[in-house]
Colleague: 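First the structure, which I've put down as C-alpha cells, then a few questions once you've had a look.
Each chain gets a letter, A, B and so on, in the order the sequences are listed, and its residues count up from 1. Keep in mind that what you see is a predicted model, and the values were worked out from it rather than measured.
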Protein chains: 4
Amino acid sequence: MTDRSINKNMPRTEEQYEEIRESRRNMIMETALELFAASGYHNTSISMIAGKAGISKGLLYNYFEGKEELLNAILDKGIQELMLFFDPNKDGIITEDELRYYIDELFVILRERREYWRLYFAIALQPLVFEKVYNKAADLTRVYLGMIIRYFREKGFDDPETEGILFHMLLDGISLNYIMGPDEFPIEKVKNLLYNKYLNCKNK
Amino acid sequence: MTDRSINKNMPRTEEQYEEIRESRRNMIMETALELFAASGYHNTSISMIAGKAGISKGLLYNYFEGKEELLNAILDKGIQELMLFFDPNKDGIITEDELRYYIDELFVILRERREYWRLYFAIALQPLVFEKVYNKAADLTRVYLGMIIRYFREKGFDDPETEGILFHMLLDGISLNYIMGPDEFPIEKVKNLLYNKYLNCKNK
Amino acid sequence: MTDRSINKNMPRTEEQYEEIRESRRNMIMETALELFAASGYHNTSISMIAGKAGISKGLLYNYFEGKEELLNAILDKGIQELMLFFDPNKDGIITEDELRYYIDELFVILRERREYWRLYFAIALQPLVFEKVYNKAADLTRVYLGMIIRYFREKGFDDPETEGILFHMLLDGISLNYIMGPDEFPIEKVKNLLYNKYLNCKNK
Amino acid sequence: MTDRSINKNMPRTEEQYEEIRESRRNMIMETALELFAASGYHNTSISMIAGKAGISKGLLYNYFEGKEELLNAILDKGIQELMLFFDPNKDGIITEDELRYYIDELFVILRERREYWRLYFAIALQPLVFEKVYNKAADLTRVYLGMIIRYFREKGFDDPETEGILFHMLLDGISLNYIMGPDEFPIEKVKNLLYNKYLNCKNK
DNA sequence: CATGAATGAGGTTTCATTCAT
DNA sequence: AATGAATGAAACCTCATTCAT
C-alpha cells in the first residue's frame, strides 16, 4: 500500500492475495452449488464448474483439492451458516418467542438457500460417502432436539421426548416438501397451523 | 424342468421362457437395488451389478436397455408395489380404522424396503433426470392427500386441507428419519403419538 | 532504482548481487537435489522445490530456465566437482599411491554425496533425455580409464586393457551397491581386498 | 470346439478367453517394456502404450489395474525368468562348471534382455516407489551370494565373504556397463579374464 | 527482484455400451 | 441366450510455465 503504491513492480501484498483467494474461493463455491443443485453432484463435472466460473480447471484445483473437498466445503459452509442462526444467545433454552422466531426463520432460510438444502438432502441420502458432513449435521440436530424437548416439557406436554422428535420430523418433512415441491407451497397456512399446535397452547 | 430331464433338447414352452425372463429380470433389479442403495447410483457400475447377479454384462443388456432404464424399472416397481397397498378397495375413502392400518403398514413397508426408500429419496432429490418417476409418485401423493384431507374434514378439523398437508409432511419427515437415522428409532412411541393425535380424537 | 541510492536503499554493488545470485542458485540446486534424490525427478514438482527453498515459483524461473535445465545444472555441477578430484596434477599418470588415494577418496565421495550419485545413476539410466550429461561423464571415464590401463600396464598385468576395464567396472559395481544398498556395507573389508588385489601386487 | 463349432452363436469357451487374455497381456507387457526402456517409465504414457499395442486405452485397464501395476508385472516377469536360470538343480551348491555356465549365461541374458535390464536398473534406482520388486531381487541376490561365497570358500580364497561380495559387485558393474555402454563391449576378453580370475584358479 | 494466481496441455483412469463369437 | 473383450468419450487431476502486479 505505502511504498508499494509507488512501485508497480512489487508483488501483491499478503492481504491482497488473501482477498483474491477468499473471493475466488467463494465464487467457485457458489457456482458449484448452483450446478450441483441443478444437475446433481455426479452429473456436474469439474469442467462445467470451471467453465461457468470462467476459470481454468487447473485453477479450481488451486483452491480445492478435488471435487469432493469442494462439495465438503460447500456443505460445511451451509452448516456453519445454520449454526449461527440457532439459539443465538447460546443459553441452551428456547422460549416461546424463540420458537416462533425459529419457525419464521426456518422458512426464510429454506427460501433463500433452497438450492443448498436440496443439495444437502440429496447428498445426505447418498450412502457411505459423506458421513463427515452428516455427522456435523447430526451434532447440530442433537443439540437442537434437546432444546426442543425441554421446551415441550416446560409446556407440559405428556410425552415431551416423543413430541419433540415428532416436531423435529415434522419440520424435516415440511422442509423436504418445501424444497422439492411446487412453488405454490402454502407457507402461511402451514406456519399458522404450527403456531396453533405448538405455541400459545395450554398443553397438548 | 421335468420334460427337460428326458430330452435335453426339448424346447421350453413360450411361458417357461417368459417365466425365466421375468424372474431373472426381477433378480437383476433386486441386485441392482442393493448395490445402488449401498453405494449410490453413480458409484455402482454395470459390471458390479452383473457380477453380483452372476451374469455377464452383455446379458444384462438383454434385459434392460441401459443403466438408466434399469433404475427406472426399479423405481417404477417400487411405486407400483406401493400403489397396490394404498386404499385397497379403491373407494377413495379412508376410515379411522383404515388410517390406523395405514400408519401401521407404513412402518412395515419402511422397515421391509428400507433400502428401496433410501434409494428412492436419494434419486428423487437428484434434479433433472428422474422427473418421470417423480411425477408418478406425485400422482400417488395427490390421490392419497385428497383422501387424507377428506378424512380430516369428516373428523371436524378446523383447516382440514392444511392439516392434511401437515400430516402428509409429518409422515414424510418420519419416513426420512426412519430411513436415514439410527436403528434405535422409537417406532412404538411415535406410532402411539400418531394414534393419539389423529385417531380417536375429539376434534383438534 | 537509482533513487534508492540516496538513503537506506544504498544499492548493492554488482559483485554483491552476483554473490547473492550465486549462493541462491546453489541453494536451489541443493534443495532440488535432495528432493530429486528422495522422490525422483518426475515426482518432484517445481512447487515443491520452490516451497522447500523458501522462494516463489516465479523466482525459481529467474534462476533456471526450467525444470530440465535445473537438473542439468545439478548434474553438471556434480561432474565438475568430480573432475576437480581426478588426477589433480593433470600429468595423466597414476602411481600406486595415487591409486590408493583414489580408492580412498572414492568411498569418501560416495559417502558424502550419496544422494547425488543415486540421482546421477537414476538419471543416467533414463534413456534419450540426458545424453549430454552422460557424454560428459563418458569423457571423464575415458581419461580416467586410460590412466588406469597405463597403471596396470606398468604393473605388468597380462592384459592391462581388459584388466583396466574390469577394474573400472568393479568400481562401478561397488559404487552402485554402496549407493543403493543397506547401510552395513563392509567398506573396510572391500577396501582391503582392493588394496591386496591391485596394490602391492607382484603382478596378477 | 466340439459342439461349439456347430453353433457359431455360442460364447467363447473359458479356455479361449484365457488364451486371448494371456496373449494380450503378454503383448501389452512387451510393448510397454519397449517403450519404458526407450523413453523411460515416466515419459511413457498409457496412450503411447495402447497406441503402439494397437488397442484402446480402456482395454489396457482391462488387463492391468494401472500404470504402476503394469510396470510391476513386467519387472516380476523378468525376475521370475531370472530365477528359473539360477542354480537349476536347486541343490544350493555351485561348482566350477556351474559358475562358468553362469558367467556365460549372464552375458546371454544381458544381450537378449538388454532393454529389460536397463529398465530394471533405472527403476531400482528410483527411490521410494518400487520397493516390492526391489525386495524380490534382494531375496534372489541373498541366495545367490550365499552360494558364491560357499564356492569361494571351497576354492580356498582367503576372505571368501568379501571376495564373494566383490565378485557380485563386479558382475553388477559389468552388467551396468554392458547395458548402458557402447555396442563394442569386449565381451570375450572380459569373459576370459573372469575365467582366469575365478575359475581354474589355484587359490587367489 | 519477487510473488503466487492463472493457464492449458497432457496424464491417468472409469465405465456404459457394443459386438464377434 | 450368453459371454467378456473391446471401445471411446469423458471424467478427474497434475504441473511446468507465464504474467500482471
Colleague: For A:Tyr63 and for C:Tyr63, locate the closest nucleotide of DNA chain E by heavy-atom distance; then report the residue assigned to the nucleotide nearer the 5' terminus.
Modeller: C:Tyr63
Colleague: Verify the contact: side-chain N or O of D:Arg21 to OP1 or OP2 of F:dT3, cut-off strictly under 4.0 Å; return yes or no.
Modeller: no
Colleague: Is the backbone of A:Gly66 close enough, under 3.5 Å, to the side chain of A:Glu69 for a donor and an acceptor to pair up by distance?
Modeller: no
Colleague: Where the side chain of D:Ser45 is defined as all heavy atoms beyond and including C-beta, which of F:dT17, E:dG11, E:dA6 is the nearest nucleotide?
Modeller: E:dG11
Colleague: Rounded to whole angstroms, how far apart are CD on D:Gln16 and P on E:dA20?
Modeller: 16 Å
Colleague: Count the heavy atoms belonging to other residues, nucleotides or ligands that lie under 6.0 Å from CD of A:Glu19, then report whether that count exceeds 12.
Modeller: no
Colleague: Taking the minimum atom-to-atom distance to the side chain of A:Ile55, which one of F:dC12, F:dA16, E:dT7 wins?
Modeller: E:dT7
Colleague: In this structure, how many angstroms lie between the C1' atom of E:dG4 and the CZ atom of A:Arg25, rounded?
Modeller: 17 Å
Colleague: Tell me: OH of D:Tyr41 to P of E:dG11, nearest whole Å?
Modeller: 14 Å
Colleague: Quick one: is B:Lys57 getting a side-chain N or O under 4.0 Å of the F:dG4 phosphate, OP1 or OP2?
Modeller: no
Colleague: So which nucleotide from E:dT3, F:dA16, F:dC12 ends up closest to the side chain of C:Ile46?
Modeller: F:dA16
Colleague: Between atom CE in B:Met27 and atom C1' in F:dA1, what is the gap in whole Å?
Modeller: 14 Å
Colleague: Can you work out whether B:Leu60 or C:Ser47 has the more 5'-proximal nearest nucleotide on DNA chain F?
Modeller: B:Leu60
Colleague: Whole angstroms only, please: what is the CE-P distance between C:Met48 and F:dA16?
Modeller: 10 Å
Colleague: Check whether any side-chain N or O of A:Ser56 sits under 4.0 Å from OP1 or OP2 of E:dT7, and answer yes or no.
Modeller: yes
Colleague: Let me know the distance between CZ of D:Phe64 and C1' of E:dT14, rounded to the nearest Å.
Modeller: 18 Å
Colleague: Which atoms form the tightest heavy-atom contact between A:Ala32 and A:Leu70, and what is the distance?
Modeller: CB-CD2, 3.8 Å
Colleague: Whole Å only: how far is the CD1 atom of B:Ile49 from the P atom of E:dA16?
Modeller: 8 Å
Colleague: Which part of the nucleic acid does B:Gly66 contact within heavy-atom distance under 4.0 Å: base, sugar-phosphate only, or nothing?
Modeller: sugar-phosphate
Colleague: State which of F:dT17, F:dA6, F:dT3 makes the closest approach to the side chain of C:Tyr61.
Modeller: F:dT17
Colleague: Atom CD of A:Glu65 to atom C1' of F:dC13: distance rounded to whole Å?
Modeller: 12 Å
Colleague: Any donor-acceptor pair under 3.5 Å linking the side chain of D:Ser23 with the backbone of D:Ile20?
Modeller: yes
Colleague: Looking only at atom types and distance, does a side-chain atom of D:Thr44 sit under 3.5 Å from a main-chain N or O of D:Leu35, one as donor and one as acceptor?
Modeller: yes
Colleague: When all nucleic acid strands are considered with a 4.0 Å heavy-atom cut-off, which category describes D:Ser23: base, sugar-phosphate, or nothing?
Modeller: nothing
Colleague: Tell me which nucleotide, if any, is Watson-Crick or G-U wobble paired with F:dT21 when both distances must be under 3.5 Å.
Modeller: E:dA2
Colleague: Heavy atoms from C-beta onward define the side chain here; which of E:dT7, F:dA1, E:dC1 lies closest to that of C:Leu59?
Modeller: E:dC1
Colleague: Kindly confirm or rule out a cation-pi arrangement of D:Lys77 over D:Tyr116, judged by NZ or CZ under 6.0 Å from the six-membered ring centre and within 45° of its axis?
Modeller: no
Colleague: For C:Gly54 and B:Lys67, take the nucleotide of DNA chain E holding the closest heavy atom to each; which residue's nucleotide lies nearer the 5' end?
Modeller: C:Gly54
Colleague: Are B:Asn62 and F:dA1 close enough that a side-chain N or O sits under 4.0 Å from OP1 or OP2?
Modeller: yes
Colleague: Sort out the partner of E:dG8 for me: Watson-Crick or G-U wobble, both distances under 3.5 Å, none otherwise.
Modeller: F:dC15
